[in-house]
Structures are given as structure tokens and as C-alpha cells.
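Structure first, commentary second.
Because the structure is a prediction, the values reported are computed rather than measured. In what follows, every heavy atom counts, from backbone to side chain, and hydrogens, waters and symmetry copies are set aside.
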Amino acid sequence: MAFWWPLVVIAFAVAICKFLLMLIPPNVPSIDVDASDVLDDGNQTKENSFIYIPSRRQTDKVQCYEPATMKYLGYYPALKPDEVAERVAQARKAQKVWAKSSFKQRRQFLRILLKYIIEHQALICEVSSRDTGKTMIDASLGEIMTTCEKITWLLSEGEKWLKPEYRACGRSMLHKTAKVEFHPLGVIGAIVSWNYPFHNIFNPMLAAVFSGNSIVIKVSEHASWSGCFYLRIIQAALSAVGAPENLVEVITGFAETGEALVSSVDKMIFVGSPGVGKMIMRKAADTLIPVTLELGGKDAFIVCEDVDVPHVAQIAVRGALQSSGQNCAGAERFYVHKGIYASFVAEVVKIVKSITAGPPLVGKYDMGAICMQEHSEKLHSLVKDATDKGAEIVGRGSVGNIGEEAFDQYFPPTVIVNVDHTMKLMQDEAFGPIMPIMTFSTDEEVIKLANDSRYGLGCAVFSGSQRRAKEIASQIHCGVAAINDFASSYMCQSLPFGGVKDSGFGRFAGIEGLRACCLVKSVVEDRWWPLVKTKIPKPIQYPLSEKGFEFQESLVEALYGLNVWDRLRALVDVLKTLSEPNASKNNKRTD
């Protein structure tokens with residue numbers, strides 16, 4: 001006891017000191033970001049106060065408007081290929097400087113961002129809401145919390161996973177050390193979707209910048225207004241830590257702009273549709289750069305008969321209506337055990353009928369607008385195809401007081417039953433507030449149904465038996481699974497995110513996503529340099545010995561033989577060969 005007592009006291013004292021240090025607030029400077037032109041204070045200028053009528057014709061300008069009200073927000077240039085190349089060149093120049101930055105400097109950049117985000121949550125959410133139509137609560141859940149979680153994880157573990165990682169050197173290289181180094185790739189390119197304009201910019205940016213890269217992000221033409229404001233936050237934080245200008249760029253435009261970006265960078269990250277993802281792959285093949293593709297999904301939401309129906313019904317509706325009806329990797333196919341099917345549908349219908357959609361910044365509404373005007377047409381088409389084939393609408397939410405000019409921007413939450421897999425609604429990604437509910441009888445049946453999709457992003461499985469839920473989830477071919485919850489894995493930013501099949505490949509987030517921004521380099525060096533060096537054994541030195549192959553056979557068995565006695569015998573043969581004079585090397589060879 002006398003020996004251990006001092007160690008216990010020391011360990012306790014260290015723990016107390018660490019706790020006291022945690023109470024000392026870090027010295028994190030504040031940044032000023034001009035937001036005067038993005039706040040709707042009711043005093044908009046005349047040129048920015050009219051109702052905008054979207055055109056389906058692309059021009060040299062990206063026009064921006066509020067989906068919820070159709071109020072005009074302004075425009076940004078659609079960059080040409082030479083302009084994109086110039087932006088990438090500037091980012092490449094900045095990256096060469098930033099690659100030499102310390103992790104201490106990078107962490108301070110993250111802390112400054114985190115401080116600003118926490119202090120300006122309402123501003124960030126309002127900008128997202130105005131540009132995409134989502135509610136403030138949906139913006140907080142999908143934009144603020146996920147981004148703060150990612151920053152916190154990087155602060156805690158980012159450096160750890162980018163430091164050299166030592167690996168086993170193997171039997172033949174015992175005199176060596178083997179390690180993996182993670183170096184910046186250079187300029188990362190990202191083309192991101194409109195559904196989470198804040199997080200979709202910050203997610204690739206944080207990983208790229210923390211790993212020593214620069215990044216050029218093409219924002220969606222449907223969320224350019226918010227994206228360009230969010231860039232100001234990033235630039236202000238970078239400036240505060242003395243980072244070079246142009247380390248992070250946000251560019252605007254259409255397909256031509258995106259193609260030019262793919263041709264100029266060292267890696268591409270794309271969030272969007274499978275069709276565009278395939279085009280990006282073809283373009284990336286020209287320069288053979290790595291690509292990470294997140295192409296959406298048709299996630300299965302499985303409800304077994306032994307669940308708390310009201311509890312799971314609430315989660316199901318949230319999953320279907322995720323992001324104000326702009327479903328992002330949300331639940332799109334609902335499979336409910338026939339034993340609770342009627343009660344579950346009744347509970348869901350009750351919840352959905354209580355939901356009202358409307359302009360989120362004008363009144364108290366549960367759901368916002370559809371971001372893209374033409375998307376409402378797609379949703380109506382999917383519902384019509386289903387009802388034409390025998391499906392039935394059993395419940396809908398309501399639409400609040402909206403202007404006639406914005407009527408097409410709203411699609412009330414809709415519950416549909418009697419669906420099957422012949423309907424497009426159960427096969428095509430809807431990206432909208434629709435809940436098609438189908439029954440199943442056995443676990444084997446629901447697993448088969450869940451896998452009957454060209455997508456494979458995620459799934460959610462609910463059961464009173466956690467073991468049963470895990471067993472079902474383990475057999476669903478997808479990249480992300482939640483047990484008795486929905487989308488919870490994305491809040492664990494240590495985990496990778498991505499899918500299979502038409503949902504894409506590669507991962508962002510987590511260790512895998514962070515290291516995907518790196519050149520992964522294998523390094524082997526002498527363990528006891530210069531005392532022990534690699535020396536080629538005499539039997540295989542040039543000119544080769546007649547016993548060279550015999551020596552190699554013995555060496556292989558000595559190193560890798562399955563039986564220890566055979567390995568010892570082979571080792572004796574190796575030593576014997578090495579000790580024999582190599583007179584054959586002096587033999588003259590004849591042609």
C-alpha cells in the first residue's frame with residue numbers, strides 16, 4: 001500500500017489540474033462579418049423587393065430568390081472556365097503556404113469559427129431559411145448542430161489521425177520501422193447541393209483546411225446567395241489566424257463552371273444526383289484524380305411489431321419531413337409489420353394532419369417551402385403514378401397563408417398506403433415530404449424489400465429487441481445504419497458517411513473522410529541506423545550464385561513456415577548457405 005499511495009495522489013492531482021485548466025476559457029478572438037445585406041429588415045431596396053419569376057434558361061448570371069415568398073435576392077456571376085482556372089491557381093498558391101502551418105494554428109481557426117457560429121446561430125439559420133425555404137428549427141438541426149459537432153471532433157481528434165501512424169513491419173523487415181504519413185493533396189474541389197447550404201460548405205472545407213489543403217467549392221445555383229455570405233465567415237476566421245488569402249474559395253455558376261473545376265483540382269467531392277455524379281467521374285478520368293461521390297438515397301425505415309408506436313411515429317414523420325420537406329438522405333420507404341400497421345398509420349396520419357407548411361420567417365409554421373420550383377412537379381408526378389397503380393392517400397398536412405406567386409413552392413406532407421415496388425415512388429428518390437408505407441410479415445421479407453433498391457445510403461431499424469434490430473440492419477446493403485433511431489450516425493462525426501450502389505462511393509466525415517483529403521504515403525526506414533543497414537545476401541548478389549534460388553527457398557520457409565521446427569530447419573539451411581564460399585561466382589559464363 002505504501003508503494004501505491006503516492007501514485008494515487010499524483011494521479012488525482014493531475015486530474016484536478018486538468019479539470020481546473022478546463023475552467024479557464026480559451027483565448028479566442030471574435031470576428032466581424034458584414035451581414036447588413038442579408039438581413040431582411042423590411043427595408044429592401046426597390047430593385048430587390050420584387051417577386052421573381054424563375055426562368056429555366058441558363059444565362060451568365062445565377063439569379064437568387066426566396067423559395068418561400070419568391071422575393072428577389074440578387075444575382076452572382078456564372079463563372080467561365082478560365083475564371084475557374086484562375087481561382088484554382090490562386091488557391092494552389094495559398095495552399096503551398098498553408099501546408100506548412102501548425103496544427104495549433106489550424107485549431108485556432110476552428111475555435112474562431114465555432115465561437116462565431118454559436119454567437120450567430122439565428123443569423124446563419126435565417127440566411128439558410130431565406131435561401132432554401134426551410135424552418136429555423138430545421139436549419140439549426142441540420143446546419144448548426146452538425147457543423148459544431150464536426151468542429152468539436154476535429155479539435156479533439158483531428159491532429160491525432162493526421163500524425164504518422166506506425167504499422168507492423170513484418171517478419172522480413174524486423175530491422176525496419178514502417179509508418180503511414182498523411183500529406184495534403186493540394187487543392188480540393190467540391191460541388192455541393194442546395195439542401196444544407198451552410199453545412200454542405202463547411203463539411204468539406206473543415207476537413208480540407210485542417211489537413212493542410214486549400215479548397216474551391218462550387219455551390220448550387222439554387223443556394224448561391226447564402227453560400228457567398230457563408231464564405232465571408234470563413235475568410236474572416238482565416239484572416240484572424242494569418243492564413244493566406246484565397247485558401248478557401250466559393251464559386252457560382254452552372255454545369256460549365258462545375259466541369260471546369262473538376263479539370264483543375266487534385267481531388268473532387270460531389271454531393272448530388274447519380275446522373276451528374278457519373279459525368280463528374282468521366283471528367284475526373286481525364287486527369288485521374290480521386291473522387292468522393294454522395295449521390296443521395298432511398299433509405300428504408302423499418303418498424304417491427306414490438307415497438308412503442310407513438311414514439312416511433314414521431315421519429316418517422318421527422319425522418320420523412322427532414323429539412324422542411326427537402327429530404328436529404330431522409331427516410332423515403334417505410335416498412336411496417338402488419339401486426340401494428342393500422343395503429344402506426346393512424347398515429348402518423350394524426351401527426352401529419354397537425355403540420356402546416358408556410359413561409360418560415362413570416363409565421364409559425366412546422367414546415368417550409370420546396371427549394372426548387374420544378375421539384376413540386378416531380379413530387380406530384382410520383383404521387384399520381386402511385387395512385388394510378390392502386391395506392392391511396394390517407395392523410396395530408398395543410399398549407400398556410402401564402403401568396404399566389406409562391407403557391408407552387410409548397411407540397412404538404414402526405415401519407416400514402418397500399419404501395420408496392422412497381423411504383424416509382426418506391427424506387428425513385430423523391431426528395432420530398434411523402435411517406436409511402438408498406439407492410440411486411442417476416443424479417444426475411446423486409447430485408448429483401450429494403451435491399452430492392454438501386455440506392456444504398458442508409459437505413460433505420462426499430463424493434464423492442466435491440467439484437468433483432470441489429471441483425472436486420474446488418475443484412476441491409478447500405479453505408480449507414482441507425483438502430484432504434486434515425487440519422488443519428490451523422491451526429492457522430494467520428495464516423496464516415498457515404499453509401500453504395502447509386503448512392504455513390506468514398507466517404508466524408510470521420511477519420512476516413514479526413515484522411516481522404518490526404519496523400520497517403522508509406523514510409524520504411526532502418527530501425528537502428530546506422531548500426532544495422534540493409535545488405536543483400538551474398539547468394540543473390542550479382543553475379544548470382546548457383547545456390548541463389550535454393551537460398552531463397554530456405555529463406556521463405558524460415559520466415560513464413562507454418563511449423564516452428566520446419567522454420568528452424570530452414571534457418572539452419574540459410575545460415576549454412578551464407579557460410580559456404582561462393583566460388584561459383586567466379587565461374588566464367590559461356591554464351
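- With sequence neighbours left out, Arg507 forms a salt bridge (charged side-chain N to carboxylate O under 4.0 Å, His left out) with no residue at all.
- Using a cutoff of 4.0 Å between basic side-chain nitrogens and carboxylate oxygens, Lys298 and Glu332 are scored as salt-bridged.
- Partners of Asp443 by side chain to side chain donor-acceptor pair (under 3.5 Å), not counting sequence neighbours, listed by chain and number: Arg468.
- Put simply, CD on Glu294 and CZ on Phe508 are 4.5 Å apart, with the number rounded to the nearest 0.5 Å.
- By the salt bridge (charged side-chain N to carboxylate O under 4.0 Å, His left out) test, Arg515 pairs with Glu165, sequence neighbours left out.
- The side-chain heavy atoms of Leu162 and Cys518, taken from C-beta on, include a pair separated by under 4.5 Å.
- Residues Glu444 and Lys448 are not paired through a salt bridge, judged by the lack of any N-O separation under 4.0 Å between the basic side chain and the carboxylate.
- Going from atom CD1 of Ile511 over to atom NZ of Lys160 covers 7.0 Å, rounded to the nearest 0.5 Å.
- Using modelled atom types, one finds a donor on one side chain and an acceptor on the other under 3.5 Å when comparing Lys267 with Thr292.
- Counting heavy atoms from C-beta outward, Ile251 and Ile217 have side chains that stay 4.5 Å or more apart.
- In this structure, Lys533 is positioned above the aromatic face of Trp529, its NZ or CZ under 6.0 Å from the six-membered ring centre and within 45° of the axis.
- Remark: Arg454 pairs with Asp428, Asp502 by the salt bridge (charged side-chain N to carboxylate O under 4.0 Å, His left out) rule, at least two apart or across chains.
- Contact between Cys148 and Leu114 at its shortest, heavy atoms only, is SG-CD1, 3.7 Å.
- Distance check, rounded to the nearest 0.5 Å: CG of Leu247 to CD1 of Ile215 gives 9.5 Å.
- Separation of the His199 and Tyr490 ring centroids falls under the 6.0 Å cut-off.
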Test side-chain contact (heavy atoms from CB on, under 4.5 Å) on Ile191 and Met268; report intermediate values, then the result. CA-CA 8 Å; Ile191 299 176; Met268 273 304 304; 3.6 Å; yes
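- Open room surrounds NZ on Lys93; 12 or fewer heavy atoms of other groups in view lie less than 6.0 Å from it.
- Here the CZ-CD1 distance, from Phe210 to Ile151, works out to 11.5 Å after rounding to the nearest 0.5 Å.
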How far apart are the C-alpha atoms of Asp266 and Ile188, what are their side-chain angles, what is the distance that settles it, and do they pass the side-chain contact (heavy atoms from CB on, under 4.5 Å) test? CA-CA 6 Å; Asp266 303 304; Ile188 307 296; 5.8 Å; no
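- Around atom CD of Gln466, no more than 12 heavy atoms belonging to other residues, nucleotides or ligands sit under 6.0 Å away.
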Checking side chain to side chain donor-acceptor pair (under 3.5 Å) for the pair Ser30/Lys115: CA distance, chi angles, key distance, verdict? CA-CA 7 Å; Ser30 298; Lys115 181 179 180 180; 2.9 Å; yes
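- In the displayed structure, Leu562 atom CG is contacted under 6.0 Å by at most 12 heavy atoms of other residues, nucleotides or ligands.
- Ion pairing of Arg107 with Glu159 is present here, as a side-chain N (NZ or NE/NH1/NH2) and a carboxylate O approach within less than 4.0 Å.
- Looking at heavy atoms from C-beta onward, Tyr230 lies in side-chain contact with Ile233 at the 4.5 angstrom threshold.
- When the shell of 6.0 Å around CZ of Arg171 is examined, it contains more than 12 heavy atoms from other residues, nucleotides or ligands.
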Audit row: Lys179, Glu525, salt bridge (charged side-chain N to carboxylate O under 4.0 Å, His left out) steps and yes/no: CA-CA 9 Å; Lys179 64 181 177 179; Glu525 58 183 310; 3.6 Å; yes
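- Side chains of Asp286 and Ser263: no donor on one and acceptor on the other come within 3.5 Å.
- Interatomic distance, CD1 of Ile302 versus SG of Cys459, reported as 6.0 Å (0.5 Å rounding).
- Looking at Glu249 and Arg87, a side-chain N of the basic residue comes within less than 4.0 Å of a carboxylate O on the acidic one, giving a salt bridge.
- Side chains of Glu557 and Asp573 form no contact here, defined as non-hydrogen atoms less than 4.5 Å apart.
- Taking the six-membered ring for Trp and the full ring otherwise, the centers of Phe103 and Trp161 sit at least 6.0 Å from each other.
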Checking side-chain contact (heavy atoms from CB on, under 4.5 Å) for the pair Val88/Val265: CA distance, chi angles, key distance, verdict? CA-CA 7 Å; Val88 173; Val265 297; 4.2 Å; yes
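- The number of heavy atoms from other shown groups lying within 6.0 Å of CD (Gln105) is above 12.
- Other residues, nucleotides and ligands place no more than 12 heavy atoms under 6.0 Å from the CD1 atom of Ile536.
- For the atom pair Ser172 OG and Tyr560 OH, the distance stands at 3.5 Å (nearest 0.5 Å).
- With respect to Glu580 and Lys547, a salt bridge is recorded, a charged nitrogen being found less than 4.0 Å from a carboxylate O.
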Please lay out, stage by stage, how Ser101 and Arg106 fare under the test side chain to side chain donor-acceptor pair (under 3.5 Å). CA-CA 7 Å; Ser101 63; Arg106 299 176 194 179; 2.9 Å; yes
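- Residue pairs that meet the ring pair (Phe, Tyr, Trp, His ring centres under 6.0 Å) test with at least one member in residues 280-307, sequence neighbours left out, are Phe301-Phe334, Phe301-Phe462.
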Run Gln235 and Val248 through side-chain contact (heavy atoms from CB on, under 4.5 Å) and show every step you take. CA-CA 7 Å; Gln235 289 176 330; Val248 177; 5.8 Å; no
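- Qualifying side chain to side chain donor-acceptor pair (under 3.5 Å) partners for Asp526, counting only residues two or more places apart in sequence or in other chains: Lys176.
- With 3.5 Å as the limit, one finds a donor-acceptor pair spanning the side chains of His421 and Asp452.
- Residues Ile280 and Val276 are in side-chain contact: their nearest non-hydrogen atoms beyond the backbone lie under 4.5 Å apart.
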